[in-house]
Amino acid sequence: SITDAVVSVLEACKTARGHAVPIGELEDVARNEVTVEGRVETLWNPSHPKIAQVGLIADESGKTRVTIWKASDAKWLRDGERVRIHGASRNWYEGRVSLAVTGWSTIMFPERGRWWE
């Protein structure tokens with residue numbers, strides 16, 4: 001039906017590569033690499049020496065665990081900070097969807113000032 005087609009196109013546009021996927025909808029995305037935007041809710045001590053940081057990132061739709069691997073050489077997150085993570089690897093941890101920042105991921109901080117300003 002037309003309604004089903006419209007919903008399918010809307011869903012495809014909403015989860016298209018490069019567009020931020022709502023965190024609450026990560027389980028429904030058909031690809032493993034995603035872009036998300038949210039706020040760092042909390043960080044805690046990593047359980048493995050190869051992990052640089054681990055914590056929760058949240059938006060209006062939900063929250064998920066984020067693991068930043070040391071090998072990714074990514075910028076450090078701060079509690080309460082707004083972030084955009086592009087190219088995060090979608091994984092499953094203890095039965096829930098989670099994200100991993102790898103060497104192919106990019107972290108941007110919309111609220112951080114530019115160094116030259």
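Keep in mind it's a predicted model, so treat the numbers as computed, not measured.
Taking CZ of R84 as the start and CD1 of I57 as the end, the distance is 11.0 Å to the nearest 0.5 Å. With rounding to the nearest 0.5 angstrom, the CG atom of L43 is 4.5 Å from the CG atom of D79. With rounding to the nearest 0.5 Å, the separation of CG in L99 from OG1 in T35 is 10.0 Å. We find the CG-CD distance between D59 and E37 to be 9.0 Å, quoted to the nearest 0.5 Å. Note that the CD1 atom of I107 and the NZ atom of K75 stand 8.5 Å from one another [nearest 0.5 Å]. Atom CH2 of W92 is separated from atom CD of E27 by 4.0 Å, given to the nearest 0.5 angstrom.
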| request: For F109 and L77, run side-chain contact (heavy atoms from CB on, under 4.5 Å): C-alpha distance rounded to whole Å, both residues' side-chain angles, the deciding distance at 0.1 Å, then the answer. | output: CA-CA 9 Å; F109 303 92; L77 304 178; 3.7 Å; yes

| task | Before giving the answer on side-chain contact (heavy atoms from CB on, under 4.5 Å), spell out for I85 and T106 the whole-Å C-alpha distance, their side-chain angles and the decisive distance to 0.1 Å. | result | CA-CA 6 Å; I85 304 172; T106 304; over 6 Å; no

| task | Take Q53 and I51 through the test side-chain contact (heavy atoms from CB on, under 4.5 Å) and record every step on the way to the result. | result | CA-CA 6 Å; Q53 285 187 293; I51 298 174; 5.7 Å; no

| Derivation of the side-chain contact (heavy atoms from CB on, under 4.5 Å) call for H86 and W104 | CA-CA 9 Å; H86 177 73; W104 294 278; over 6 Å; no

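Formation of a donor-acceptor pair under 3.5 Å by the R82 side chain with backbone atoms of P110 is not found in this model. Remark: the backbone N or O of K63 is not paired with any side-chain donor or acceptor of E41 at under 3.5 angstrom. With K70 contributing its side chain and P49 its backbone, the two residues share a donor-acceptor pair below 3.5 Å. Counting only distance, with no hydrogens or angles, the side chain of T64 and the backbone of V97 share a donor-acceptor pair below 3.5 Å. Checked by atom type and distance alone, the side chain of S105 pairs as donor or acceptor with a backbone atom of G87 at under 3.5 Å. A donor-acceptor pair under 3.5 Å links the side-chain atoms of E81 to the main chain of R78, judged by distance alone.
Using a 4.5 Å heavy-atom cutoff, the side chains of V66 and V54 are not in contact. Residues L56 and W44 are in side-chain contact: their nearest non-hydrogen atoms beyond the backbone lie under 4.5 Å apart. Taking the side chain as every heavy atom from C-beta outward, T67 and V101 never approach each other to under 4.5 Å.
Taking hydrophobic clusters as Ile, Leu, Val, Met, Phe, Trp and Tyr residues chained together by side-chain heavy-atom distances below 4.5 Å, V36 does not share a cluster with W69.
Of all non-hydrogen atoms in S61 and G24, the two that sit nearest each other are OG-N, 2.8 Å.
Ion pairing between a basic and an acidic side chain is recognised when a charged N comes within 4.0 Å of a carboxylate O; R39 and E111 show such pairing.
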